[in-house]
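Keep in mind that what you see is a predicted model, and the values were worked out from it rather than measured. The sequence lines fix the lettering, A, B, ..., with proteins before strands; numbering per chain opens at 1.
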Amino acid sequence: MLKIYNTLSRKKEIFSPRVEGKVGLYVCGMTVYDYCHVGHARVMVVFDTVARYFRYSGYELCYVRNITDIDDKIIRRAHEQGVSLTELTERFIEAMHEDERALSVLPPDIEPKATQSIPDIIAMIEILCAKDLAYVGHNGDVFYAVTKFKNYGQLSGKNLDDLQAGERVDVDLAKRNPLDFVLWKMAKENEPAWPSPWGLGRPGWHIECSAMSTCCLGNSFDIHGGGMDLQFPHHENEIAQSEGATGEKFVNYWMHNGFVRINEEKMSKSLGNFFTVREVLKQYQPEIIRFFILSSHYRSPLNYSDEQLNDARLALTRLYTALRGCDRGNAEIDVDYKARFAAAMDDDFNTPVALSVLFDLARELNAAKEAKSIKVQELVASLRFLGGLLGIVQGDADDFLKSGIVNGEALDEELIEQQIQSRLAAKKAKDWALADKIRDDLKEQGVILEDTPNGLSTWRRE
RNA sequence: GGCUGCGUAGCAAAAUGGUUAUGCAGUGGCCUGCAAAGCCAUCUACGGCGGUUCGAUUCCGCCCGCAGCCUCCA
């Protein structure tokens, strides 16, 4: 039985879909004006893992993740770079898809763009105006009147009085209440704009998600996810907009993932302390990043450091070492491991525990290999299968073990093979000093030799 | 200031009212020409103070420390 921590209730709740066997999942995606950083990677990997697990559990899933391709920052960046809006956004959408593929993130079922949802957005704003939940300010912008929505603040546990007390942003005089937020923004000169009943302009940030999610998944759907920082005000505003417009319960379960941190501080664009996915990929294999992300629970903070990435690499090395030279055949999946794995994932997607099951499997597999037990294939099949649910250990073991890219200058494989042959000859001649020297020299260059029982040697990169 | 959440062994990271997490590192053993890998065994814990309880790392309260949101942010 799957349990999900619901931000709305701040409790783990038994997941019960609106429609038996079906799940609608909406996740707030990227604003595409720059490359994805590790924080974005976390959202992608976390919800990809959630999506994979829903499908494995037999649900018919519709996974929607939007792209914000119109926004102040995008406009500014396009101006700075002297390119058109779409030139900029298309470039970063492609870059995002590249990063996703690298991280084994499967594409969502629907990936709506804000600029392609303008009619839906306008229609929703019109309803909000008609219901007197929105108004046109002095400057022509359309605002949502926060005080008119009775449950405002329920998701983030805030109330309007507290929010006003803590108000620390410049008051926009066009608003009736400083907490009101913009639904439609009038265009300034040279800004991309769409016609609307209120004039040429563009949508505010929050309304696009309300429009796209309800259009793709219905007025009511099961799960809405995103980073912790979106809880307030973004998701709070989405609820106000959607429920205000439709009169129906917007979302049943809200899932928020924790931040990636650097030195105990949130990784973010504004702090400038971020690493892009493509930067990190120069130093670590993509699977290492994915493992690193899954090694902590999705709601916990995740500290980014070379030490942590190296730990992830060593951990994956252990799993691949167990799989090395093994074939899964047509073996069945071990039911006990499968049950333990499912129990972990059913508990609010507890990937650290799910991973620990994989390590227990690896240990038994190693022992089975040594004992030449008939269980080997079953254990291999199980490790591959359960790893696959997390999007890891699907590659060839030797490919992973031999392709360390830690120090850039990788020693040529042919050269390594030559050295190994020389060493085998030295071993045959019982010239241990020479054999050891060759091995030590290779070790210096990050190549570790491992002699096998059949008198040969295999190798891997450190 | 208001509202969240967190504080676990050398590091990372889970669960749990009484019993093994797991990975890396350490120690002892097996294996090996010696290693590496692997296997077996093993040492390091639950921020502080009170309370509830037969029993608390786990529940409650207070304190200390850290992070996040309250402004664009995944």
Inset, instruction - Name the closest nucleotide to the A:R10 side chain, picking from B:C66, B:U4, B:C11. - result: B:U4
Legend entry - Passing option when A:H224 is tested against A:H235, A:H234, A:H256 for ring-ring contact (aromatic ring centres under 6.0 Å, His included): A:H235
Inset, instruction - Under 4.0 Å between any heavy atoms, over every strand shown, what does A:S296 touch: base, sugar-phosphate, or nothing? Just pick one. - result: sugar-phosphate
Inset, instruction - Grab the two heavy atoms, one from A:N252 and one from A:N6, that are nearest each other, plus how far apart they are. - result: O-ND2, 2.8 Å
Legend entry - Pairwise P distance for B:C43 and B:G28, with rounding to whole Å: 15 Å
Inset, instruction - Would you mind reading off the distance between A:E236 atom CD and B:U4 atom P, rounded to a whole angstrom? - result: 13 Å
Inset, instruction - Between B:G33, B:G23, B:G68, spot the one nearest the side chain of A:K266, thanks. - result: B:G68
Inset, instruction - Decide yes or no, distance alone: a donor-acceptor N/O pair under 3.5 angstrom between the base of B:C34 and the side-chain of A:D440. - result: no
Inset, instruction - Measure from the side-chain N and O atoms of A:D162 to the backbone N and O of A:K158, and report whether any donor-acceptor pair falls under 3.5 Å. - result: no
Inset, instruction - Remember a base hit wins even if backbone is also touched, and classify A:N366 as base, sugar-phosphate or nothing at under 4.0 Å, heavy atoms. - result: sugar-phosphate
Inset, instruction - Select from A:K427 and A:K12 the residue whose nearest nucleotide in RNA chain B is closer to the 5' end of that strand. - result: A:K12
Inset, instruction - Considering just the side-chain nitrogens and oxygens of A:S300, establish if one lies under 4.0 Å of OP1 or OP2 belonging to B:A14. - result: yes
Inset, instruction - Starting at CD of A:Q241, measure out to CZ of A:F250 and round the result to the nearest 0.5 Å. - result: 8.5 Å
Inset, instruction - Answer with base, sugar-phosphate or nothing: what part of the nucleic acid does A:M44 contact at a heavy-atom distance below 4.0 Å? - result: nothing
Inset, instruction - Check every strand shown and say whether A:G39 touches a base, only sugar-phosphate, or nothing at a heavy-atom separation below 4.0 Å. - result: base
Legend entry - For B:U71, the Watson-Crick or wobble counterpart (both distances under 3.5 Å): none
Legend entry - Sugar-phosphate only, base, or nothing, as touched by A:N159 at under 4.0 Å among non-hydrogen atoms: nothing
Inset, instruction - Quickly work out the A:Q231 CD to B:G68 P distance and round it to whole Å. - result: 15 Å
Legend entry - Who pairs with B:C34 - Watson-Crick or G-U, where each distance is under 3.5 Å: none
Inset, instruction - Spell out yes or no: do the side chain of A:R363 and the base of B:C39 have one donor N/O and one acceptor N/O closer than 3.5 Å? - result: no
Inset, instruction - Report yes if at least one side-chain N or O of A:R318 is closer than 4.0 Å to OP1 or OP2 of B:G38; otherwise report no. - result: yes
Legend entry - Nearest-0.5 Å distance, OG of residue A:S9 to CH2 of residue A:W254: 13.5 Å
Inset, instruction - Report the distance from atom CZ of A:R313 to atom P of B:A25, rounded to the nearest whole Å. - result: 11 Å
Legend entry - Separation of the C1' atoms in B:A13 and B:U8, to the nearest angstrom: 9 Å
Legend entry - Out of B:A15, B:A37, B:A21, whichever nucleotide has its closest atom nearest the side chain of A:D347: B:A15
Inset, instruction - May I ask you to say what A:R423 touches in the nucleic acid, namely base, sugar-phosphate or nothing, with a heavy-atom cut-off under 4.0 Å? - result: base
Inset, instruction - Would you classify A:T452 as touching base, sugar-phosphate or nothing, given that sugar-phosphate means primed atoms plus P, OP1 and OP2, and contacts are heavy atoms under 4.0 Å? - result: nothing
Inset, instruction - Assign each of A:M228 and A:T317 to its nearest nucleotide of RNA chain B by heavy atoms, then name whichever residue's nucleotide is nearer the 5' end. - result: A:T317
Inset, instruction - Could you tell me the separation between the CG atom of A:L309 and the P atom of B:A12, rounded to a whole number of Å? - result: 14 Å
Inset, instruction - Just call it for A:D72: base, sugar-phosphate, or nothing, with non-hydrogen atoms closer than 4.0 Å on any strand. - result: nothing
Inset, instruction - Ignoring hydrogens and angles, answer whether the base of B:A74 and the side-chain atoms of A:R42 contain a donor-acceptor pair closer than 3.5 Å. - result: no
Legend entry - Nearest-neighbour nucleotide for the A:P352 side chain, B:C39, B:A36, B:A13 considered: B:A13
Inset, instruction - Name the nucleic acid region contacted by A:L355, choosing base, sugar-phosphate or nothing; use a 4.0 angstrom heavy-atom cut-off, strictly under. - result: nothing
Legend entry - Single hit among A:V46, A:D348, A:T351, A:L302 for side chain to side chain contact (heavy atoms under 4.5 Å, CB included) with A:H297: A:D348
Legend entry - A:E370 CD - B:C31 P separation (whole Å): 12 Å
Inset, instruction - Tell me whether the centres of the aromatic rings in A:F92 and A:Y33 are closer together than 6.0 Å. - result: no
Legend entry - Sugar-phosphate only, base, or nothing, as touched by A:S295 at under 4.0 Å among non-hydrogen atoms: sugar-phosphate
Legend entry - Polar side-chain contact A:D436-B:G33 base: donor and acceptor under 3.5 Å: yes
Legend entry - Minimum-distance nucleotide to A:R324 side chain [options: B:A74, B:C70, B:A37]: B:A37
Legend entry - Whole angstrom value for the distance that separates P of B:A74 from OH of A:Y304: 18 Å
Inset, instruction - For A:G29, report the nucleic acid contact type (base, sugar-phosphate, nothing); a contact means any heavy atom under 4.0 Å. - result: sugar-phosphate
Inset, instruction - May I have the distance from A:H297 (atom NE2) to B:G7 (atom C1'), rounded to whole angstrom? - result: 17 Å
Inset, instruction - Measure from CD on A:E450 to C1' on B:C31 and round the result to the nearest Å. - result: 14 Å
Inset, instruction - In plain terms, say whether A:D451 and A:R423 are close enough for a salt bridge, that is, a side-chain N and a carboxylate O under 4.0 Å apart. - result: yes
Inset, instruction - Report which part of the nucleic acid A:V260 touches: base, sugar-phosphate, or nothing (heavy-atom distance under 4.0 Å, all strands). - result: base
Inset, instruction - Classify the nucleic acid contact of A:K158 as base, sugar-phosphate or nothing, counting any heavy atom under 4.0 Å across all strands shown. - result: base
